[in-house]
Amino acid sequence: PAAQAKWTVMVYISGDNNLEDYVVKDIELELAPAGSNADVHIIALADRGPGYDTSYGDWQTTKLYHVTQGMKADAASAVADWGERNMGDKQTLIDFVSWSKTNYPADHYALYFWGHGWSWHPGWVMQDDTDDDTLDYDETKAAIASLGFIDVIGYDGCNMASIEILKLWQGHATALTGSQEYVGWDGLEYDVFLGQLKINPAMTADQLAIASSQSAANDKTWSALA
């Protein structure tokens, strides 16, 4: 395990669908420009699929990255390869959070869900085409007890800032950030708020959630709620 940090930020990248073209781009253009340091660890679990992006040998398995500054989203940069994992399976989420907390312990944790969303509606959230599955409301609810407390929950997906999702995480997180409506292709701008977090790792959960929502400067549907 790494030394105890102030924050460990976990990004659950469910890109085995028509968002695949943005997986590599978001890792390299948003996560890697910030990069990890002694105070802030950035961990990404990224799954790709066939049909949209063939970069870096067209890897389509599920790779774990401890994101460093300037890192490439290739196979050589991954700290582990989990093979084909179903991002719509609650066990994949549990394994990711457990692995991150064990290997990169911190005073505070943030978990961002990157992928498709539609609140409590079944068949949309964290869509995985290869496994024909989604991480529906009931599955997320069943997983939460195994995740431990998480200071900030972020949804980088459409229609996730609803009362149902807030209720889902009540008592299990301090703050939640997400959009009430459909989001643009850019979604959250991780380089913006992670850069702010690195400058001020003493940020509270509320402050990080607000910074996350404010990073989506061109989309006024984002909100942060405690």
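Residue-environment remark: CG (Asp58) exceeds the threshold of 12 foreign heavy atoms within 6.0 Å. Annotation: Lys101, atom NZ; neighbour count of heavy atoms from other residues, nucleotides and ligands within 6.0 Å is above 12. For Trp99, the CH2 atom counts as densely surrounded, since its 6.0 Å shell holds more than 12 non-hydrogen atoms of other residues, nucleotides or ligands.
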Criterion side-chain contact (heavy atoms from CB on, under 4.5 Å) on Asp26 and Leu31, from CA distance to verdict: CA-CA 6 Å; Asp26 276 13; Leu31 297 181; 5.8 Å; no

Pair Thr140-Trp169, side-chain contact (heavy atoms from CB on, under 4.5 Å): steps then yes or no: CA-CA 10 Å; Thr140 303; Trp169 289 99; 4.0 Å; yes

Steps toward side chain to side chain donor-acceptor pair (under 3.5 Å) verdict (Thr204, Asp206): CA-CA 5 Å; Thr204 65; Asp206 290 350; 5.3 Å; no

Stepwise side-chain contact (heavy atoms from CB on, under 4.5 Å) check, Leu197 with Val9: CA-CA 10 Å; Leu197 181 62; Val9 178; 3.9 Å; yes

Test log, rule salt bridge (Lys or Arg N to Asp or Glu O under 4.0 Å), inputs Asp16 and Arg48: CA-CA 4 Å; Asp16 191 346; Arg48 290 168 63 186; over 6 Å; no

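Judged purely by distance below 3.5 Å, without hydrogens or angles, the side chains of Ser162 and Glu164 pair a donor atom with an acceptor atom. If you check the side chains of Thr92 and Asn86, you find no donor sitting under 3.5 Å from an acceptor. For Asn18 and Glu20, the side-chain atoms include no donor-acceptor pair closer than 3.5 Å. Counted by atom type alone, Asp107 and Gln4 present one or more donor-acceptor pairs between their side chains at under 3.5 Å.
One N or O on the side chain of Asn17 and one on the backbone of Leu19 form a donor-acceptor pair closer than 3.5 Å. Although no hydrogens or angles enter the test, the distance criterion places a donor-acceptor pair under 3.5 Å between the side chain of Ser36 and the main chain of Ile42. With hydrogens and angles disregarded, a donor-acceptor distance shorter than 3.5 Å links the side chain of Glu30 to the backbone of Tyr190. The backbone N or O of Glu189 lies less than 3.5 Å from a partner atom in the side chain of Ser215, making a donor-acceptor pair. Under the 3.5 Å distance criterion, the side-chain polar atoms of Thr62 are matched with a main-chain donor or acceptor of Gly83. Side chain of Ser77 to main chain of Lys72: a donor-acceptor pair is present (N/O by atom type, distance under 3.5 Å, no hydrogens or angles). Between the side chain of Ser119 and the backbone N or O of His121, no donor-acceptor pair lies under 3.5 Å.
Taking the six-membered ring wherever Trp is involved, the centroid distance between the rings of Tyr104 and Tyr109 does not fall below 6.0 Å. Taking the centre of each ring, Trp7 and His108 come in below the 6.0 Å mark.
Taking NZ of Lys198 as the start and CG of Leu194 as the end, the distance is 8.5 Å to the nearest 0.5 Å. To the nearest 0.5 Å, atoms CD (Glu181) and CE (Met160) are separated by 15.0 Å. Atom CG of Asp151 is separated from atom OG1 of Thr174 by 5.0 Å, given to the nearest 0.5 angstrom. Summarising the geometry, atom OG1 belonging to Thr134 is positioned 10.0 Å from atom CH2 belonging to Trp124; distances are rounded to the nearest 0.5 Å. In this structure, OG in Ser100 is found 9.5 Å from CD1 in Ile150, a value given to the nearest 0.5 Å. Separation of atoms SG (Cys158) and NE2 (His116) is listed at 8.0 Å; rounding is to 0.5 Å.
Residues Val24 and Asp53 form a side-chain contact, since some pair of their non-hydrogen atoms from C-beta on lies under 4.5 Å apart. Met87 places none of its side-chain heavy atoms less than 4.5 Å from the side chain of Leu93. Between Ile153 and Tyr155, some side-chain heavy-atom pair lies under the 4.5 Å cut-off. Inter-residue side-chain proximity for Gln196 and Met203 is flagged as met; some heavy-atom pair is nearer than 4.5 Å. Side-chain contact between Val97 and Met10: present, with at least one pair of heavy atoms (C-beta onward) separated by less than 4.5 Å. Two residues are said to be in side-chain contact when any heavy atoms from C-beta on lie closer than 4.5 Å; Ile43 and Leu64 meet this criterion. Between Val40 and Lys6 the shortest side-chain heavy-atom distance does not fall below 4.5 Å. Lys90 has its side chain within reach of Leu135: a pair of non-hydrogen atoms, C-beta onward, lies under 4.5 Å apart.
Val125 and Ile94 fall within a single hydrophobic cluster, where Ile, Leu, Val, Met, Phe, Trp and Tyr are joined by side-chain heavy atoms under 4.5 Å apart, directly or via other members. A single hydrophobic cluster is not seen to contain both Ile13 and Tyr52; linkage of ILVMFWY side chains at heavy-atom distances under 4.5 Å, directly or through other members, places them apart. By the criterion of side-chain heavy atoms lying less than 4.5 angstrom apart, applied directly or through intervening Ile, Leu, Val, Met, Phe, Trp or Tyr residues, Leu166 is grouped together with Phe113 in one hydrophobic cluster. Under a hydrophobic clustering in which Ile, Leu, Val, Met, Phe, Trp and Tyr are joined whenever their side-chain heavy atoms come within less than 4.5 Å, directly or via other members, Trp82 and Met126 fall into the same cluster. Val23 and Leu29 are members of different hydrophobic clusters when ILVMFWY side chains are connected at heavy-atom separations under 4.5 Å.
Screening Phe96, Tyr12, Phe193 for a ring pair (Phe, Tyr, Trp, His ring centres under 6.0 Å) involving Tyr112 leaves a single residue, Phe193. Each of Asp47, Asp95, Thr130 was evaluated against Arg85; a single residue qualifies, Asp95, per the side chain to side chain donor-acceptor pair (under 3.5 Å) test.
A salt bridge links Asp21 with Lys25; the closest basic N to acidic carboxylate O contact falls under 4.0 Å.
A cation-pi geometry, defined here as NZ or CZ lying under 6.0 Å from the six-membered ring centre and within 45° of its normal, holds between Lys63 and Trp59.
Pairing each heavy atom of Ala175 with each of Ala205, the nearest pair is CB-O, 4.0 Å. Between Met71 and Glu28, the shortest heavy-atom distance links the atoms O-CG, 3.9 Å. For Ile27 against Ala46, the heavy-atom pair with the smallest separation is CD1-CB, 4.0 Å. When all heavy atoms of Gly187 and Asp156 are compared, the pair lying nearest together is CA-OD1, 3.4 Å. Of all heavy-atom pairs spanning Glu84 and Asp131, the tightest one is OE2-OD2, 2.9 Å. Between Asp191 and Pro33, the shortest heavy-atom distance links the atoms CB-CB, 4.4 Å.
In this structure Tyr65 satisfies the side chain to side chain donor-acceptor pair (under 3.5 Å) test with no other residue, sequence neighbours excluded.
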